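From a predicted model like this one, the values you see are computed outputs, not experimental measurements. Counting from 1, the numbers follow the sequence of the chain as shown.
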Amino acid sequence: MADVARVAGVSSQTVSRVSNGFPGVTEETRRRVLTAMTELGYRPNSAARALKRGEFRTIGVITFTLSTTGNVRTLEAIATSAAEEGYAVTLLPVAVPTQDEMRGAFSRLGELAVDAVIVIMEVHLLDAATVTLPPGIQVVVADSDAGDRYSVVDTDQAGGARDAVRHLLDLGHRTVWHLAGPEGSFAAQRRADAWRTTLTAAGCVPPPVVRGDWSAESGYRAGLRLAEQEDCTAVFAANDQMALGLLRALHERGRRVPEDVSVIGFDDIPEAGSFLPPLTTVHQDFAEVGRRCVEGVLRQMRQETTEHGTTLVPTRLVVRDSTAPPPDPEARQA
């Protein structure tokens with residue numbers, strides 16, 4: 001810094017102000033300082049700046065899997081939003097979703113230079129008294145119902161599922177089968193509960209739940225079973241990947257979509273419009289979830305307070321070609 005100050009003909013304090021983006025420096029002086037930095041190959045010491053300012057401008061993100069569309073796209077949105085605010089992201093992957101792994105992740109936070117943490121994790125890993133947060137670390141949780149203990153940002157899972165089921169019922173289907181996600185998933189639970197509640201409120205008897213693991217392969221296996229159900233004319237799949245496998249199974253078993261069976265998914269992945277037929281699905285705004293997570297931790301840091309409660313990001317139904325009125329029973333018998 002002293003070398004830069006000498007070459008630019010200014011004080012070290014002026015170099016510091018330019019380096020940190022502070023006001024009060026004329027444009028001509030700023031240009032001289034930046035030119036001197038370039039000539040000398042000067043780079044500000046971020047660690048020293050962090051110690052002096054008391055912040056590292058880094059957000060930690062804890063998640064246990066990057067194999068699902070939701071987690072990947074939420075992480076991408078968090079990184080983008082953090083960068084726009086001048087923050088970097090440090091990823092802390094958890095190998096398996098257990099309490100010990102979670103404790104280890106939070107323990108590592110105390111050793112890393114992060115100012116706050118966003119957790120993309122299921123609530124049952126956060127409800128044990130043995131999980132403690134490092135002092136001074138602000139937390140926002142994505143995809144959880146831990147709003148009484150943390151600040152939570154989530155998609156309106158129940159609202160999206162209700163819209164999907166009502167769409168199929170409004171088309172004339174007597175009931176809707178459900179291809180659910182894994183039992184341990186909060187999102188899968190919310191979508192399944194809303195599916196069941198919506199059918200019951202409409203006077204329909206919910207069929208038995210068929211369960212997958214979010215993958216297209218599990219959707220295919222479930223689809224082979226559903227194809228054997230002659231009274232199955234509509235299926236709400238808990239995500240688009242399982243819906244893709246379901247479409248393949250129905251095709252192989254000679255069940256036409258949507259003429260014989262209507263299929264609706266959840267997520268609205270970029271490829272959903274290229275399925276055959278193009279998939280009707282529930283759109284999740286992952287970018288907005290990520291933005292609100294970053295906004296939440298930064299607000300907590302600046303106000304030095306922890307917020308509790310849940311913020312829901314709305315969904316919207318995207319109608320394409322995979323849903324239609326049910327087949328005419330008389331025509332089918334003929």
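Atom CE of residue M301 and atom CZ of residue R57 lie 7.5 Å apart, to the nearest 0.5 angstrom. Considering CG of L279 and CG of L247, their distance stands at 6.5 Å, rounded to 0.5 Å. Atom CG of residue N71 and atom CD1 of residue I120 lie 5.5 Å apart, to the nearest 0.5 angstrom. From D240, atom CG reaches atom CG of L246 across 11.5 Å, with rounding to the nearest 0.5 Å. One distance of note links CD of Q300 with CD of Q138; it measures 5.0 Å at 0.5 Å rounding.
The 12-atom threshold is not exceeded at CD of Q13, counting heavy atoms of other residues, nucleotides or ligands nearer than 6.0 Å. More than 12 heavy atoms of other residues, nucleotides or ligands sit less than 6.0 Å from atom CD of E259.
Residues satisfying the ring pair (Phe, Tyr, Trp, His ring centres under 6.0 Å) test with W177, not counting sequence neighbours, are none. The side-chain contact (heavy atoms from CB on, under 4.5 Å) test applied to L91 returns V61, T63, L66, L75, P93, not counting sequence neighbours.
Taking both residues in full, the closest heavy atoms of V261 and C232 are given as CG2-O, 3.5 Å, listed atom of the first, atom of the second, then distance. Closest heavy-atom contact between P207 and V176: CD-O, 3.4 Å. Across all their heavy atoms, G160 and F266 have their closest contact at C-CE1, 3.7 Å.
Pairs engaging residues 192-211 under the ring pair (Phe, Tyr, Trp, His ring centres under 6.0 Å) rule: H178-W195 [sequence neighbours left out].
Under a 4.0 Å N-O distance rule, the pair R291/E288 qualifies as a salt bridge. The residues D285 and R292 are annotated as not salt-bridged, no charged nitrogen and carboxylate oxygen being separated by less than 4.0 angstrom.
Annotation: side chain of R253 is in contact with side chain of E228 (closest heavy-atom distance under 4.5 Å). You'll find the side chain of V139 stays beyond 4.5 Å of the side chain of V297, heavy atoms only. Side-chain contact between V15 and M37 is present, with heavy atoms from C-beta onward closer than 4.5 Å.
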Step-by-step salt bridge (Lys or Arg N to Asp or Glu O under 4.0 Å) determination, R73 to E76:
CA-CA 5 Å; R73 294 181 64 183; E76 178 185 26; 5.5 Å; no

Pair R30, T14 - check side chain to side chain contact (heavy atoms under 4.5 Å, CB included), show working.
CA-CA 9 Å; R30 188 181 303 277; T14 298; over 6 Å; no

The test is salt bridge (Lys or Arg N to Asp or Glu O under 4.0 Å); show your working for R166 and D170 and say whether it passes.
CA-CA 6 Å; R166 286 172 179 165; D170 289 344; over 6 Å; no

